[in-house]
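As structure tokens, the structure follows; a few thoughts come after it.
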Amino acid sequence: LSESDRWYQPSLFDLDERDQLHADHQALIARLDAIPEQREREIAALRTRYADPTARWFPAAVTFLVPASIAHTTLGSR
């Protein structure tokens, strides 16, 4: 995002493109400047959210699917 020549378009006929390129460059610089503050806000939000975790219990069921050929031999031998 440095001020190099790639952000400059020397043309008389492409004013819209030059304005758009300048606007894009400024938007990228603004976004880059905003990242540290956004990062700190997100870290604070995560720490607040997970500061006091609570255990939650929920019922669970386990189902075993056994083929009939195996179920008959296993259950029949008992």
Side-chain angles (χ1 to χ4, degrees):
L1 295 177
S2 65
E3 295 292 330
S4 64
D5 289 338
R6 80 177 141 174
W7 295 104
Y8 176 71
Q9 285 185 337
S11 173
L12 296 174
F13 302 106
D14 296 325
L15 294 177
D16 291 335
E17 289 179 15
R18 187 174 18 190
D19 291 342
Q20 184 63 49
L21 183 66
H22 179 70
D24 291 346
H25 184 237
Q26 293 303 318
L28 286 172
I29 289 174
R31 175 69 182 119
L32 184 62
D33 291 341
I35 288 174
E37 180 183 334
Q38 179 184 5
R39 184 173 180 216
E40 291 301 319
R41 280 194 321 260
E42 290 179 3
I43 289 171
L46 287 171
R47 288 189 177 160
T48 301
R49 179 178 178 157
Y50 296 108
D52 188 23
T54 57
R56 302 189 191 275
W57 296 92
F58 59 94
V62 177
T63 303
F64 292 98
L65 299 175
V66 181
S69 60
I70 297 174
H72 290 295
T73 57
T74 306
L75 295 177
S77 64
R78 286 186 176 190

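All of these numbers come straight from a predicted model, not from anything done at the bench.
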Scan the side chains in residues 44-61 for donor-acceptor partners under 3.5 Å anywhere in the protein, sequence neighbours excluded, and list what turns up.
| residue | atom | partner | partner atom | Å |
| --- | --- | --- | --- | --- |
| T48 | OG1 | A44 | O | 2.9 |

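- Separating the CD1 atom in I29 from the CG atom in D24 is a distance of 11.5 Å, to the nearest 0.5 Å.
- Annotation: salt bridge (Lys or Arg N to Asp or Glu O under 4.0 Å) contacts involving residues 31-41, sequence neighbours excluded, comprise E37-R41.
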